[in-house]
Structures are given as C-alpha cells and as structure tokens.
Novice: 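I have a structure here, written as structure tokens, and I will follow up with some questions on it.
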Amino acid sequence: MRCCTMYAKWFTLQCVRVTNAVQVRYQDTRENVPKYYPDLRIKERLRRLCWTSSSTMVKAKKFVIAARFDGLPKVSDFQLVEEDTPELKNGDLLCETLFISVDPYMRLFGRSLKEGDTMIGEVVSRVIESKSQKYPVGTTVLAGYGWRTHAVVHEDDKHPLPTAQLRAVPADFPKELSPGLLLGVTGMPGMTAYFGLIDVCQPKSGETVFVNAAAGAVGSLVGQIAKIKVGGDFSVSVLNNHMKDHGRVAVCGSISTYNNPEVKGHYFFETIITKRLKLQGFIGAEYQAEWPAATTQVAKWIVEGKVKHKEHVANGFDQTPQALIGVLTGKNTGKAIVKI
Ligand SMILES: NC(=O)C1=CN([C@@H]2O[C@H](COP(=O)(O)OP(=O)(O)OC[C@H]3O[C@@H](n4cnc5c(N)ncnc54)[C@H](OP(=O)(O)O)[C@@H]3O)[C@@H](O)[C@H]2O)C=CC1
Ligand SMILES: CCCCCC(=O)/C=C/[C@H]1[C@H](O)CC(=O)[C@@H]1CCCCCCC(=O)O
C-alpha cells in the first residue's frame with residue numbers, strides 16, 4: 001500500500017513535469033534510460049500519457065544543403081534549420097532520432113542534391129507519438145528520413161533506397177546490443193562486408209584475403225569474418241604485386257575518388273589478364289532478401305565475442321556535417337555514427 005502511494009505520488013510528480021515541460025522531460029527520461037534497452041514499461045506509459053494527451057508539435061531540426069558539394073564537403077555546405085512537425089494523420093508516426101548514419105555514399109549521392117534539399121541518410125529512431133498500429137509508441141525503428149532530429153513518416157512510406165526502408169528493429173536483435181549497430185556492423189556496411197566476402201569472393205580454406213580500407217565499417221568486418229591480413233594501397237600494392245593467379249576481387253567502393261571525380265582509378269589490365277583475376281563490383285543492397293538472416297548471424301557472433309565492433313561516435317546533432325567530413329578524410333575507425 002505504502003509502495004502504491006509512493007508510486008502514485010511519483011507518478012503524479014512526473015505527470016506535472018510532463019505537462020509543464022514536455023520536451024525537457026522527454027529528453028530527461030531518455031537520458032536516464034539505462035544502456036540501450038531498458039525496462040521501458042513505466043517510462044513508456046508516461047510517454048504515452050505525455051504524447052497522447054495533447055496533439056504534439058515538436059520543434060525539429062534538420063540539415064539542408066546550403067551549397068552543392070565541390071570537392072570535399074564543407075561545414076558551410078550544410079544549413080541547420082528548424083521546423084514544426086506536422087500533426088499526425090492515420091498511419092503516421094512521429095520519430096525522434098537516436099542515431100544518424102554517416103556513410104561515404106552520401107558524398108556521391110550528394111551530387112544530385114540541390115540547395116534546400118534535406119540531407120539524406122539512414123537513422124535509428126524511437127516512435128514518440130503514433131497513429132500507426134504497426135509502429136506503436138516506444139518502437140525503435142530504422143528509417144531513411146535523413147539528417148533530422150524528428151520526423152513524421154507514414155507506416156507505408158517507401159524509400160527510393162532499398163536499405164533505407166522504414167522497419168522496426170528485428171525482434172531477435174539482442175537486447176544488450178545498441179540499436180545503433182543496425183547502421184553499422186549488423187546493418188548496411190556489415191551486410192556489404194558479409195556478402196562481398198562470402199558470396200562475391202567465395203573464399204576457400206587456405207586462401208589469403210586482402211582488405212582495403214580495413215579500418216572502416218565495411219573493411220573491419222571483412223577482416224574478422226575472414227581472419228585476414230590487411231593490405232596496403234590496393235591498386236598498386238595488392239592488385240599488381242600480391243594477387244595470386246585466379247584471385248577474386250570484390251569491389252564495393254572507391255572512397256579515395258569520391259571528392260575528386262577527375263581522378264580515375266588505376267586499372268592494371270596486364271596483371272588482371274596474366275593472373276586471370278576476377279573483379280566484381282557489387283551493391284550490398286542487392287542481397288537485401290538475405291539480410292535478416294545475416295544480421296542475426298553477425299549479431300550472434302558479436303554476443304559470442306567472435307566479432308568485435310568499433311563505433312566512431314560524434315555526439316550531438318549539430319556535429320553531423322563534421323562527422324561526414326571525417327568519414328571522407330579517414331578520421332573514423334569503425335562505423336561513424338552521430339548520437340543525438
Ligand atoms: N557497394 C556497396 O553496397 C557499399 C559500398 N561501400 C563502400 O565501401 C567503402 C568503405 O565504406 P565504409 O567502410 O562504410 O566507410 P568508412 O568511412 O567506415 O571506412 C572507409 C575507410 O576508408 C579510408 N579512407 C577514407 N577516406 C579516404 C580517402 N580519401 N582515400 C583513401 N582512403 C580513405 C579510411 O581508412 P584509413 O584509416 O586507412 O585511411 C576509412 O577508415 C566506401 O568506398 C563505400 O562507398 C559501403 C557500403 C556499401
Ligand atoms: C561508384 C558508386 C559507389 C557506391 C558505393 C557505395 O557506397 C554504395 C552504397 C550503397 C549501399 O549498399 C546502400 C545504398 O543505398 C548505397 C547506394 C546504392 C546505390 C545503388 C544504385 C544502383 C543503381 O543505380 O541501379
């Protein structure tokens with residue numbers, strides 16, 4: 001009884017705080033959440049109360065393109081703007097971003113963005129208000145709404161990039177792992193590593209695997225899956241001098257050329273011919289149907305301690321442009337993400 005009364009008092013106190021300062025309270029609650037997946041029952045009840053008792057309008061921040069990229073992107077190419085989130089319609093959910101992914105492909109796709117466009121990117125978010133049965137309040141989701149602190153999305157929205165579709169964190173994703181890893185080692189870069197090695201290269205026992213850009217999100221997982229030796233400059237050192245006859249090369253990217261389209265890769269046709277090499281380009285998203293099983297596998301390896309992962313975390317939404325610039329200049333070790 002005493003316990004109930006105390007709980008009731010505490011609950012009322014929280015509600016008063018909720019009504020008085022919705023945003024601040026929500027922020028406080030989130031920061032108090034223990035590592036990654038807490039027991040959210042009480043906090044979620046409070047949140048539900050908070051977000052359903054009034055029609056929530058959130059002052060959201062987003063980064064838009066201020067100037068088209070020319071060479072290496074600059075902080076001044078991005079502009080931080082504020083907007084009010086719209087009222088939810090049936091099927092809508094209001095997401096609060098927890099993590100933003102910054103990836104090399106953004107530099108390439110950034111070429112087609114024009115001034116005023118919201119910067120693209122995949123995020124992990126928590127649903128804080130919902131008119132969707134599929135994604136109730138408290139659901140952690142992956143979405144592709146770009147560099148925003150909050151966004152209203154519809155449960156049936158389709159994203160042009162296959163990897164950026166709205167979806168809930170897989171039910172079997174280990175509770176002790178950060179959902180942020182779904183942007184890295186168990187997400188798009190991890191899947192690129194997994195299928196690039198296993199399907200494109202099809203390594204056999206006794207073979208040697210070289211990995212280029214092995215400090216990054218993709219390369220660091222390839223290295224662990226294959227228990228490899230790290231190569232040096234790929235084009236010159238590995239391809240020309242170290243490939244064995246009939247070697248296979250899975251080409252997933254070319255980060256050193258993204259900021260300078262004038263630079264052409266080096267193609268060592270004589271070596272390719274005389275060593276009878278196979279080079280295959282691929283896009284990790286092509287294997288999307290097989291991602292769930294591979295994600296489960298990689299997450300299991302992490303839990304078992306067989307795969308180590310590193311995240312290069314920038315703290316705060318305002319740091320997102322710098323985080324992308326860091327990726328394009330080799331500042332990160334492991335997967336670069338921004339924690340909001
Ligand atoms: N085909 C596909 O589906 C996908 C392809 N990719 C591609 O894979 C590559 C790696 O991506 P990801 O691991 O996510 O990226 P990361 O940023 O995590 O890692 C990239 C690594 O590349 C090196 N690097 C960065 N800038 C340069 C540069 N200008 N010149 C030479 N090396 C550089 C850095 O290593 P160091 O510390 O050694 O400098 C860095 O650690 C990229 O080219 C990307 O476009 C990624 C995902 C999917
Ligand atoms: C020269 C292009 C190199 C791009 C390498 C890269 O980083 C690719 C990343 C993809 C990742 O798998 C998830 C994505 O959405 C990224 C872009 C996919 C582009 C697919 C384009 C296919 C097409 O044009 O048909």
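As the structure lists them, so they are numbered: ligands from 1, and atoms in each ligand from 1.
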Novice: Tell me the contacting part of Y258 for ligand 1: side chain, backbone, both, or neither, using a 4.0 Å heavy-atom threshold, strictly below.
Specialist: side chain
Novice: Does only the side chain of D103 get under 4.0 Å from ligand 2, or the backbone, or both, or neither? Count heavy atoms.
Specialist: neither
Novice: Hey, are D92 and K89 close enough for a salt bridge, meaning a charged N less than 4.0 Å from a carboxylate O?
Specialist: no
Novice: N/O to N/O below 3.5 Å, does that happen between C252 and ligand 1?
Specialist: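 N/O-N/O distance below 3.5 Å exists for this pair.
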Novice: Pairs of nitrogen or oxygen atoms closer than 3.5 Å, one from F282 and one from ligand 1: do any exist?
Specialist: yes
Novice: How far does CG of L197 sit from OH of Y194, to the nearest 0.5 angstrom?
Specialist: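 Nearest 0.5 Å value for the CG-OH distance: 9.5 Å.
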Novice: To the nearest 0.1 Å, how far is atom 16 (C) of ligand 2 from its closest protein heavy atom, and which atom is that?
Specialist: Y105 CG, 4.0 Å
Novice: Between the side chain of Q288 and the main-chain N/O of G284, is any donor-acceptor distance below 3.5 Å?
Specialist: no
Novice: Output yes when E122 and R167 qualify as a salt bridge under the 4.0 Å nitrogen-oxygen rule, no when they do not.
Specialist: yes
Novice: If you measure from atom 23 (C) of ligand 1 to every heavy atom of G196, S101, G219, A213, which option wins on shortest distance?
Specialist: A213
Novice: Flag P189 as yes when one of its N or O atoms lies below 3.5 Å from any N or O atom of ligand 1, and as no otherwise.
Specialist: no
Novice: Got the closest protein heavy atom to atom 19 (C) of ligand 2, with its distance?
Specialist: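 Ranking protein heavy atoms by distance from atom 19 (C) of ligand 2, first comes F109 CZ, 3.4 Å.
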Novice: Record the part of M188 in heavy-atom contact with ligand 1 below 4.0 Å; permitted values are side chain, backbone, both and neither.
Specialist: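 Side chain only.
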Novice: Distance check, rounded to the nearest 0.5 Å: K74 atom NZ versus I325 atom CD1?
Specialist: 9.0 Å
Novice: Of the backbone atoms (N, CA, C, O) and the side-chain heavy atoms from C-beta on, which set of N332 has a member under 4.0 Å from an atom of ligand 1: side chain, backbone, both, or neither?
Specialist: both
Novice: Looking only at protein heavy atoms, identify the closest one to atom 48 (C) of ligand 1 and say how far it is in Å.
Specialist: T192 OG1, 3.1 Å
Novice: Between A250, G284, G184, which one has a non-hydrogen atom sitting closest to atom 2 (C) of ligand 1?
Specialist: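 The nearest heavy atom belongs to G284.
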Novice: Are L80 and L113 grouped together when hydrophobic residues (ILVMFWY) are joined by side-chain heavy atoms under 4.5 angstrom apart?
Specialist: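 Both belong to a single hydrophobic cluster.
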Novice: Does the distance from a Lys or Arg side-chain N to an Asp or Glu carboxylate O, for E115 and R68, drop under 4.0 Å?
Specialist: no
Novice: Quick one: are the ring centres of F69 and F78 less than 6.0 Å apart?
Specialist: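 Distance test on ring centres: under 6.0 Å, yes.
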Novice: Work out which heavy atom in P136 is nearest to a heavy atom in Q133; give both atom names and the distance.
Specialist: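 For P136 versus Q133, the nearest heavy atoms are CD-O, 3.7 Å.
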Novice: Please list, in number order, the atoms of ligand 2 under 4.0 Å from a heavy atom of G284.
Specialist: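 Counting atoms of ligand 2 from 1, those under 4.0 Å from G284 are 12 (O).
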Novice: Identify the protein heavy atom lying closest to atom 28 (C) of ligand 1, giving its residue, its atom name and the separation to 0.1 Å.
Specialist: S256 CA, 3.7 Å
Novice: Students should be able to answer this: which protein heavy-atom is nearest to atom 19 (O) of ligand 1, and at what distance?
Specialist: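 The closest heavy atom on the protein side is G216 CA, 3.1 Å.
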Novice: Tell me which protein heavy atom sits closest to atom 5 (C) of ligand 2, plus the residue, atom name and distance to 0.1 Å.
Specialist: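 For atom 5 (C) of ligand 2, the nearest protein heavy atom comes out as C252 O, 3.4 Å.
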Novice: Output the list of atoms in ligand 1 that are nearer than 4.0 Å to some heavy atom of L328, sorted by atom number.
Specialist: 26 (N), 29 (N)
Novice: Which atoms of ligand 2 sit under 4.0 Å from any heavy atom of T163?
Specialist: 13 (C), 14 (C), 15 (O)
Novice: Treating K275 as the side-chain partner and M243 as the backbone partner, does any N or O pair qualify as donor plus acceptor under 3.5 Å?
Specialist: yes
Novice: Which is it for P162 and ligand 2 at heavy atoms under 4.0 Å: side chain, backbone, both or neither?
Specialist: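 None of P162 does.
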Novice: Show the atoms of ligand 1 that are less than 4.0 angstrom away from any heavy atom in G253.
Specialist: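 So the atoms of ligand 1 that pass are 7 (C), 43 (O).
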Novice: Going by a strict under-4.0 Å cutoff (protein heavy atoms only), does atom 24 (O) of ligand 2 have a neighbour on the protein?
Specialist: no
Novice: Examine distances only and state if a side-chain atom of S178 and a backbone atom of G180 form a donor-acceptor pair shorter than 3.5 Å.
Specialist: yes
Novice: Exactly one of V124, I337, L183, I340 should register a side-chain contact (heavy atoms from CB on, under 4.5 Å) with I100. Which one does?
Specialist: I340
Novice: For F63 together with F317, are the ring centres under 6.0 Å from each other?
Specialist: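 Centroid distance F317-F63: below 6.0 Å, so yes.
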Novice: For atom 11 (O) of ligand 1, decide whether some protein heavy-atom distance is shorter than 4.0 Å.
Specialist: yes
Novice: With atoms numbered from 1 as shown, which atoms in ligand 2 lie under 4.0 angstrom from a non-hydrogen atom of Y258?
Specialist: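 Atoms satisfying the 4.0 Å criterion: 3 (C), 4 (C), 5 (C).
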Novice: Should S254 be listed as contacting ligand 2, given a heavy-atom distance under 4.0 Å as the test?
Specialist: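 Not so, S254 does not reach ligand 2.
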Novice: For ligand 1 and P104, I'd like to know whether there is a polar contact (N/O to N/O, distance under 3.5 Å).
Specialist: no
Novice: Can you tell me if K335 and S101 form a side-chain donor-acceptor pair at under 3.5 Å?
Specialist: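 There is such a pair (donor and acceptor under 3.5 Å, judged by atom type) between the side chains of K335 and S101.
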Novice: Please write down residue, atom name and distance for the protein heavy atom closest to atom 20 (C) of ligand 1.
Specialist: I255 CD1, 4.0 Å
Novice: Under a single-linkage definition using a 4.5 Å side-chain heavy-atom cutoff for Ile, Leu, Val, Met, Phe, Trp and Tyr, are V64 and V75 assigned to the same hydrophobic cluster?
Specialist: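 Per the 4.5 Å side-chain linkage, V64 and V75 are not co-clustered.
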Novice: Do any heavy atoms of S254 fall under 4.0 Å from ligand 1?
Specialist: yes
Novice: I'd like to check atom 3 (C) of ligand 2 in this structure: does the protein have a heavy atom lying under 4.0 Å from it?
Specialist: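 At least one protein heavy atom is under 4.0 Å away.
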Novice: Record the part of V327 in heavy-atom contact with ligand 1 below 4.0 Å; permitted values are side chain, backbone, both and neither.
Specialist: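 Answer for V327: both.
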Novice: Closest non-hydrogen protein atom to atom 1 (C) of ligand 2, residue and atom name please, with distance?
Specialist: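 That would be L108 CD1, 3.8 Å.
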Novice: Which protein heavy atom lies closest to atom 10 (C) of ligand 2, and at what distance to 0.1 Å?
Specialist: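 Going atom by atom, the protein heavy atom closest to atom 10 (C) of ligand 2 ends up being I283 CG2, 4.4 Å.
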Novice: Shared ILVMFWY cluster between I120 and I283, side chains joined below 4.5 angstrom?
Specialist: no
Novice: Please state which protein non-hydrogen atom is closest to atom 11 (C) of ligand 2 and give its distance, to 0.1 Å?
Specialist: M188 SD, 3.5 Å
Novice: Decide, yes or no, whether a salt bridge links R148 with E83 under the criterion of side-chain N to carboxylate O below 4.0 Å.
Specialist: yes
Novice: According to a 4.5 Å side-chain heavy-atom criterion applied to Ile, Leu, Val, Met, Phe, Trp and Tyr, with indirect links allowed, do V338 and F109 form part of one hydrophobic cluster?
Specialist: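 The answer is yes; both residues are in one hydrophobic cluster.
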Novice: Answer with side chain, backbone, both or neither: which part of F282 has a heavy atom less than 4.0 angstrom from an atom of ligand 2?
Specialist: neither
Novice: Is K244 salt-bridged to E207, cutoff N-O under 4.0 Å?
Specialist: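 No, no charged N to carboxylate O under 4.0 Å.
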Novice: Which residue holds the protein heavy atom closest to atom 39 (O) of ligand 1, what is that atom called, and what is the gap in Å?
Specialist: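 The protein heavy atom lying closest is G330 CA, 4.3 Å.
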Novice: Just to confirm my output: which protein heavy-atom neighbour is closest to atom 46 (C) of ligand 1, and how far is it?
Specialist: V218 CG2, 3.7 Å
Novice: Any idea which protein heavy atom is nearest atom 18 (O) of ligand 1, and the distance to it?
Specialist: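 Protein heavy atom with the smallest distance to atom 18 (O) of ligand 1: A217 N, 2.8 Å.
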Novice: Heavy-atom contact check, 4.0 Å cutoff: does A285 meet ligand 2?
Specialist: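 Checking ligand 2 against A285, which is what was asked, there is a heavy-atom contact under 4.0 Å.
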Novice: Between T149 and K61 (side chain of the first, backbone of the second, donor and acceptor by atom type, cut-off under 3.5 Å), is there such a pair?
Specialist: yes
Novice: Going from OG1 on T163 to OH on Y287, what distance comes out if it is rounded to the nearest 0.5 angstrom?
Specialist: 15.0 Å
Novice: Suppose we measure from atom 38 (O) of ligand 1 to each protein heavy atom; which comes out shortest, and what is that distance?
Specialist: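 The answer is A215 CB, 4.6 Å.
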